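To start, the structure itself, in structure tokens.
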2 protein chains.
Amino acid sequence: MKSKYTTIIDIAKQLNISKSTVSRALTGHPNVKEHTRKAVMELASTMEYQRNSLALGFSKHTTHTVGIMVPEFMSTYFPSVIVGVQDVMQAAGYNVVICQQNESYETEVANMKLLLSYRVDGIIVSHTKETRNFDHFTLAQRRGVPLVFFNRVPDELNVPNVIVNDYEAAFQAVEHLISIGRRRIAHLAGPDALVNSRLRRQGYIDALKKHDIPYNPDLVLSYDLTTEKVKIYMKHFLDLGTPPDALFAINDPTAIAAMEVVKAKGLRIPHDIAIVGFSNDLSAGLVYPGLTTVAQPTGEIGRMAAEMLLQELNAKVKNDYSIKKAPTTQLPTKLIIRESTVAKTN
Amino acid sequence: MKSKYTTIIDIAKQLNISKSTVSRALTGHPNVKEHTRKAVMELASTMEYQRNSLALGFSKHTTHTVGIMVPEFMSTYFPSVIVGVQDVMQAAGYNVVICQQNESYETEVANMKLLLSYRVDGIIVSHTKETRNFDHFTLAQRRGVPLVFFNRVPDELNVPNVIVNDYEAAFQAVEHLISIGRRRIAHLAGPDALVNSRLRRQGYIDALKKHDIPYNPDLVLSYDLTTEKVKIYMKHFLDLGTPPDALFAINDPTAIAAMEVVKAKGLRIPHDIAIVGFSNDLSAGLVYPGLTTVAQPTGEIGRMAAEMLLQELNAKVKNDYSIKKAPTTQLPTKLIIRESTVAKTN
DNA sequence: ATTTTTCATGGGAACGGTCCCAATATTTTG
DNA sequence: CAAAATATTGGGACCGTTCCCATGAAAAAT
């Protein structure tokens, strides 16, 4: 079946010249007569010629397209990182293809294979909460496709990445809770498999230690980041003989779901329990009371990840991270204090 | 430069058979000896063969990939539509490539050309608020690439689409405001260029008319969907000699931004002014007070759009919408009543 | 055992573009 | 004006896969 797309051969035939000349005219090669170039350009325009990127990528082994893989995008975190990535990549002449994993490991592997089968030049990744096996990532590396990770970075892999100081940020967040007089601080942690989840928990533990508050394992629960579990675990915390007077949540959706439970139980925030989230999701500023949280520079994270990927792509000699240390960029966070930790009228 | 990817020719050479046979073995063609097939499959696995979709799409004129173009994804509306699309498309064996326009017409045109240059088989679209020219859409149609629109559907084009009854939903929302005793109902409308914006406004007008409330043009402002403008226009409404006692906002982000203004001015919601949004964004249930809004079945919208696109793709004879009416699917909305229109304790 | 049928494999064109090299046209130079 | 240099064009290989057609091998039928 003949395609409806115009090809350079169609143009060449109409003008009675060779497809080589048409190709040269269209790609701006210097050695084409002005007269010829003009004719080609005009005909291409009227015939609505649309270059075939498949053919091009196929024959050139480079597609000028990069992929970005995110675990989910129902919070504003990943979308705004993506916008940052697109900014930089489009300015550099690259196309960006977005893949969304729905927090499913299988989808992640499938999407990786999809991107590789389309021969993207590089990939920016934040893996799912289920990911324990990293073969699909090393596969990309073996294929010479550079990866840059952000947010969720596997520590089993030596890869370029963009992160924030999760440990330090968590430490500060918990210190803030201590500074407003809280002592029984609970922590709803993420899955242990996520490095940033472990780091945030360690920040929590060390902040308590610094202020001579004994670490109480009963006040820490790791969970799978599903809203239902937040409800169960939060109820559990509130039903303790002596319930916590503060909560440090692994992220904003967790904190917000926890707030619902607290409010449903008729307790007051922050009077009875102060709450801190993480990432400064758009909704953190909208909930009542406003949620204190750790702001991450999401757009900047995306832009940096893109810059680092460009560096990999433009490297004359491919970086071999089996022998040298992969670069890492750490961006600053900022604790945003809202009413969930400091009552407006006090 | 030799690519690092394994090809079927590499496999063929190793096994001393022809690439045709390898191809047949890999694609599950019946006429291959079991013994041969097994050998090929094994070697393909150990050599980590990854089919080259560029070559395939290039030679077959079909990529089994569809695109989805959304104007933005900072609200939860478009992401959850996308998830619905992915559900259906992946089950049908299609890949989904996501493009995000940042509400920019230029980006929309660029993304359309990108998708066409990658020869996607079909595209699901919701256009930007800036889009006035639809040539890039008709171009796709001329190329035989079926389009299905949702949410923002240009009425200049006869295309398959998935919508909700914006008129009726708006009508009900405004009737609800009237039912709780409001008479001075303001409307922050979207750009006139958006069909659903016009429909919602008409619903607003007709609901007033039905209840014998004179239509007051001073209480209606069309705006460009930027947060800054909401602030200006909302302040304007509140500064009127007799300020409105209710607001019907074109969408939830508008409503929420308006709530901020109202609260900043020290007015009470819903006591002084009741507010209704549109789309039931995740944040509508989080803000204080909870925002009454029109829920759209976002996942279902995505799934339906995908189903309709599959129908186009599987049609033995391509549907020619220059001669016949394009199908449309209308899905139900539901008014979700929260505290922004009905005080909890009354 | 020979012919026919079926099964399994190989060979090569096609897809659309780029790019190298050769061929021709044009201009410059001696 | 011929020779050399340069500008412009054409020809064809190449990229990886599928698929059609031809060929060879094995199995079935006579």
Side-chain angles (χ1 to χ4, degrees), chain A residues 1-41 43-44 47-65 113 116-119 121 143-144, chain B residues 1-41 43-44 47-65 113 116-119 121 143-144:
Chain A
M1 188 193 63
K2 194 78 187 70
S3 159
K4 286 192 187 175
Y5 287 90
T6 307
T7 73
I8 57 169
I9 300 179
D10 299 333
I11 297 177
K13 275 185 188 150
Q14 287 243 356
L15 294 177
N16 244 319
I17 56 178
S18 76
K19 63 178 179 150
S20 309
T21 305
V22 176
S23 170
R24 273 186 292 259
L26 290 171
T27 53
H29 195 279
N31 285 358
V32 182
K33 227 187 208 162
E34 192 46 39
H35 171 257
T36 314
R37 179 191 311 282
K38 224 181 125 197
V40 170
M41 293 309 240
L43 189 58
M47 292 180 79
E48 295 185 308
Y49 170 76
Q50 188 69 59
R51 70 115 66 75
N52 185 332
S53 296
L54 294 176
L56 211 162
F58 165 55
S59 96
K60 298 291 296 296
H61 290 294
T62 171
T63 52
H64 264 75
T65 301
K113 298 214 163 146
L116 290 182
S117 87
Y118 274 98
R119 302 298 190 259
D121 293 347
R143 291 287 174 265
Chain B
M1 187 193 57
K2 194 79 187 71
S3 159
K4 286 191 189 175
Y5 287 89
T6 306
T7 72
I8 58 169
I9 299 180
D10 299 332
I11 297 177
K13 276 186 188 151
Q14 287 242 357
L15 294 176
N16 246 318
I17 55 178
S18 77
K19 62 184 175 141
S20 309
T21 303
V22 175
S23 171
R24 272 186 292 260
L26 290 171
T27 52
H29 194 279
N31 284 357
V32 183
K33 229 188 208 161
E34 191 47 39
H35 171 257
T36 314
R37 180 193 309 282
K38 226 183 123 195
V40 169
M41 292 309 239
L43 189 57
M47 291 179 79
E48 295 184 309
Y49 170 76
Q50 188 70 58
R51 71 116 65 76
N52 185 333
S53 296
L54 294 175
L56 209 164
F58 165 54
S59 99
K60 297 290 297 295
H61 289 295
T62 171
T63 51
H64 263 76
T65 300
K113 298 216 162 145
L116 290 182
S117 86
Y118 275 98
R119 301 297 191 258
D121 293 346
R143 290 288 174 265

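In this text, all values refer to a predicted model and were calculated from it rather than measured experimentally.
Distances from the side chain of A:N52 to the nucleotides C:dA8, D:dT8, C:dG17 place C:dG17 closest. Here the side chain of A:A55 is nearest to one of D:dT9, C:dG17, C:dG10, namely C:dG17.
When the P atom of D:dC15 is taken as reference, atom CZ of A:R119 falls 14 Å away, rounded to whole Å. One can place CD of A:E34 at 16 Å from C1' of D:dT9, the figure rounded to the nearest angstrom. Atom-to-atom, CG of A:L15 to P of D:dT9 comes out at 11 Å; the value is rounded to the nearest Å. Taking atom CD1 of residue B:I9 and atom P of nucleotide C:dG12, one finds them 13 Å apart after rounding to whole Å. One atom, CG of A:L54, and another, C1' of D:dT18, lie 15 Å apart when rounded to the nearest Å. Taking atom CZ of A:R143 as the reference point, atom P of D:dG16 lies 13 Å away to the nearest angstrom. The interatomic distance linking B:H61 (NE2) with D:dT18 (C1') rounds to 12 Å, in whole Å.
Counting heavy atoms from C-beta on, the side chains of B:T7 and B:N52 never come closer than 4.5 Å. B:V22 places none of its side-chain heavy atoms less than 4.5 Å from the side chain of B:L43. Between B:I11 and B:Y49 the shortest side-chain heavy-atom distance falls below 4.5 Å. Inter-residue side-chain proximity for B:L26 and B:M41 is flagged as met; some heavy-atom pair is nearer than 4.5 Å. Residues A:T21 and A:R37 form no side-chain contact, since every pair of their non-hydrogen atoms from C-beta on lies 4.5 Å or further apart.
Under a 3.5 Å cut-off, the side chain of B:R119 and the backbone N or O of B:L54 do not form any donor-acceptor pair. A donor-acceptor pair under 3.5 Å is absent between the side-chain atoms of B:T63 and the main chain of B:G57, judged by distance alone.
Each end of the helix from C:dA1-D:dT30 to C:dG30-D:dC1 yields a helix axis from five base pairs, and these two axes differ in direction by 50° (to the nearest 10 degrees).
Each of B:N16 and B:F58 has a nearest nucleotide on DNA chain C; the 5'-most of these lies closest to B:N16.
For D:dG16, the OP1/OP2 oxygens have no side-chain nitrogen or oxygen of B:T7 closer than 4.0 Å.
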Report summary line: Given protein heavy atoms under 4.0 Å, the one-letter contact record of nucleotides 18-24 of chain C, with B base, S sugar-phosphate only and - none, is simply BBB----
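Contact between A:M47 and A:T6 at its shortest, heavy atoms only, is O-OG1, 2.8 Å. When all heavy atoms of A:A12 and A:S18 are compared, the closest pair comes out as CB-C, 3.8 Å.
Backbone-only engagement by A:I17 is indicated by non-hydrogen atom pairs under 4.0 Å involving sugar-phosphate atoms exclusively.
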